[in-house]
Structure formats: structure tokens, C-alpha cells
Amino acid sequence: MAKECENESCSKESCEGCPSRQGKPDFSEPLNAHSSVKHVIGVVSGKGGVGKSMVTSLLAVATAKKGYKTAILDGDITGPSIPKAFGVNARPVAGEKGLEPVCSEKYGIKIMSTNLILESETDPVVWRGPVVGNMVKQFWSEVHWGEIDYMFVDMPPGTGDVPLTVYQSLPVESVIVVTSPQSLVKMIVEKAVRMADLMHIQVSGIIENMSYLECPDCGKKIPVFGESQMDEIAQEYGISSVARMPINPKLAALSDMGTIELYEDHALEPIVDKVIDKQEQE
Ligand code: ADP
């Protein structure tokens, strides 16, 4: 049969299914040849400092607790804080199958982050967008993840160049949006949700972090950053899984001490149940 493709290096006989024929360039990065990752879930926020890394860590812990093989790819290349929360600081070792990720102590969560490969964890990462994007791709293709059920990607903040590269390079199946309850947040969350929509990625949940502070004496919930707008946003975009996380000094302390795996609150479990159950059924 005559070859249809004009690209000399293409070995396929038929053009059916080829992304270039559908007008969509394919930017996807191949996964490390010795690894298999069943589900990739992105954790996004429209802006920094809302607790995206904290939530990524807690989602991974809740998933690993259920017995799934879990990993975190720290895509927040210029502000990596995952290793610190888990108290891991061993240098990843290069093996025959790729760079070996570092495992968390209690639940064996596999972690890769720029912080693990810097000379010192206080070195600033002063890299331009394309370099940052390439780093995320290398974490996907050159790290020997092994067999993983759920990989959480702590996405670079915002809706710019770098998150776009991640969306295009990694097979992100769904995203969880992290927000805080300030008034400008509605607009910022909407941007994150619409960016996921544009990339045809499902938003499987919204987590409102720092939602309230519970008075240790009377138990009253104080909305420190203002009233929640989460239900309104979730309804507008048809997102059924929502969760609220209080401001909790204990949580901040555990993260600072590198013992996030010891946190026993169950605020995120309902969202993990829903997201995972849904993923398992598909
Ligand atoms: P982001 O990844 O969005 O930049 P981080 O996860 O690094 O944000 O969180 C920013 C800071 O806020 C960290 O010091 C973290 O320990 C703290 N923090 C996040 N969520 C909470 C919370 N629910 N209660 C107390 N401190 C929190």
C-alpha cells in the first residue's frame, strides 16, 4: 500500500488518528519507559499562597492511606515545597531505569521535586519559562516512577506559559482547584477552571482552603478571609465535589516539621473518595 504521509520519518501506513491530520499538534511527552502511571491528577490554583502544595500533599496522603501506589510530581518548579512538608531531603539517585524518586517515610509516596536536586534547598530557581516547562517534562520522562496508581501533579501556579506546557505534555486526566475565600478569588478560580476547560480536562473538585478558623474555646467558625463563594462557583461550573479546609495551626506546624503524613483530619477524604471512585469506574 502506498504511504499516505509526507513525513519521511513516519513509519505508519495509515494517517488515521494522527494528531497532525486533525490540525492538533501533539506536544505530549513520553512517560519513562520503565514506568506506568494509571491516573494523573493536577492540583491547580489561580494564584500562589492559597495552600496548593499543602492540599497536594494531603490528597496524596489520603490516597496512599487507601492502599493505592501514589506519587507526587512537584511541578511548582520555582516554589517547590513538597519535600519539606514530607521531611524528605535525600538526593535522587540515577539508576539504570532513570532517576529514582525519593519515598516518603510513612506511606511510601514517591516524590520528585526541584528542591531535591538543588545544591541547597534555599537556592532560588531563577529560570525562564521554557526551562521550567522542560524540567516538568523531564520529571515525567526521565524519572523511574515504577508502577503508580495515582500521580498528583502540584501544578505551577497561574494560567500562563508553564501550566500550559504541563497540560500539553502530561496526560492530566482531571484537576482539583484549590482556592481561598477572598473576594478576588472568584475571578481567579474561574480562570483556572476555564483554562482546564479549554484543554478539555475535567475539573473534578474545588477545595476551599483556609475557609475558616475554629475558635478553640467555643467552636465557632470564623470566616477570617470573608464569606465563602465556593458553592456559587461550583454550581456555576457544575462541579459536584467540594470541600472546605479550616486554617489549622497544627497543620502548618506539621508541614514545617516535615511530618505532614501524621495529620489525622479527614476534611479531604470525601473529595478523595469521589475523585478516585469516579476514576476507578471510568
Ligand atoms: P501554595 O502552594 O499555594 O503557594 P502552600 O501550600 O505552600 O501554598 O501554603 C502556604 C503557607 O500556608 C504554608 O506555610 C502552609 O503551611 C500554610 N497553610 C496552607 N494551608 C493551611 C491551613 N489550612 N492551615 C494553616 N496553614 C496553612
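Start at 1 and go down the list; that is how both ligands and their atoms are numbered.
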*Just by modelled atom types, is the Ser169 backbone N or O under 3.5 Å from a matching donor or acceptor in the Ser28 side chain?*
no
_Closest protein heavy atom (residue, atom, distance) for atom 27 (C) of ligand 1_ = Met54 CE, 3.8 Å
_Sub-4.0 Å atoms of ligand 1 with respect to non-hydrogen atoms of Leu251_ = 22 (C), 23 (N)
_atom 14 (O) of ligand 1: any protein heavy atom closer than 4.0 Å_ = no
*asked:* Quick check for you: to the nearest 0.5 Å, what is the distance between Ile206 atom CD1 and Met230 atom CE?
replied: 7.0 Å
*When you look for heavy atoms under 4.0 Å from ligand 1, do you find them on the side chain of Asn209, its backbone, both, or neither?*
side chain
*Keeping the roles fixed (side chain from Trp145, backbone from Val37), state whether a donor-acceptor pair exists under 3.5 Å.*
no
*Closest contact, heavy atoms only, Val50 versus Ser45*: CG2-CB, 3.6 Å
*Crowded around Arg91 CZ? As in, over 12 foreign heavy atoms under 6.0 Å?*
yes
*Examine Asp76 against ligand 1 and note whether any of their N/O atoms are separated by less than 3.5 Å.*
no
*Find the distance between NZ (Lys65) and CD (Glu261) and round it off to the nearest 0.5 Å.*
9.5 Å
*Output the list of atoms in ligand 1 that are nearer than 4.0 Å to some heavy atom of Lys52, sorted by atom number.*
1 (P), 2 (O), 3 (O), 6 (O), 8 (O)
*Can a protein heavy atom be found under 4.0 Å away from atom 19 (C) of ligand 1?*
yes
*Can you check whether Asp256 has an N/O within less than 3.5 Å of an N/O in ligand 1?*
no
*asked:* Quick check on contacts: which atoms of ligand 1 are under 4.0 angstrom from a heavy atom of Asn248?
replied: 22 (C), 24 (N), 25 (C)
*How far is atom 12 (O) of ligand 1 from its nearest protein heavy atom, and which residue and atom name does that atom have?*
Met210 CE, 3.8 Å
*Can Lys110 and Ile72 be said to form a side chain to side chain contact (heavy atoms under 4.5 Å, CB included), step by step?*
CA-CA 6 Å; Lys110 292 185 179 175; Ile72 301 178; over 6 Å; no
_Pair Thr165, Gln168: side-chain N/O donor-acceptor within cut-off below 3.5 Å_ = no
*Considering only heavy atoms, which of Ser45, Gly49, Ser255, Pro249 lies nearest to atom 4 (O) of ligand 1?*
Gly49
*Does some non-hydrogen atom of Ser81 fall short of 4.0 Å from ligand 1?*
yes
*Side chain, backbone, both or neither: the part of Pro246 lying under 4.0 Å from ligand 1 by heavy atom*: backbone
*Look at atom 5 (P) of ligand 1 and say which protein heavy atom is nearest, naming residue and atom and giving the distance to 0.1 Å.*
Gly51 CA, 3.6 Å
*Thr179 vs Glu208, side chain to side chain donor-acceptor pair (under 3.5 Å): CA-CA, chis, key distance, verdict*: CA-CA 5 Å; Thr179 165; Glu208 186 175 75; 5.4 Å; no
*Quick one: CD1 on Ile41 to CD on Gln202, what's the gap to the nearest 0.5 Å?*
9.5 Å
*For residues Ile111 and Ile82, report the shortest heavy-atom separation together with the two atoms involved.*
CG2-CG2, 4.0 Å
*Is atom 25 (C) of ligand 1 in close reach of the protein, with a heavy atom under 4.0 Å away?*
yes
*Nitrogen or oxygen atoms of Ala252 and ligand 1 under 3.5 Å apart*: no
*At the 4.0 Å heavy-atom cut-off, does Ala85 count as touching ligand 1?*
no
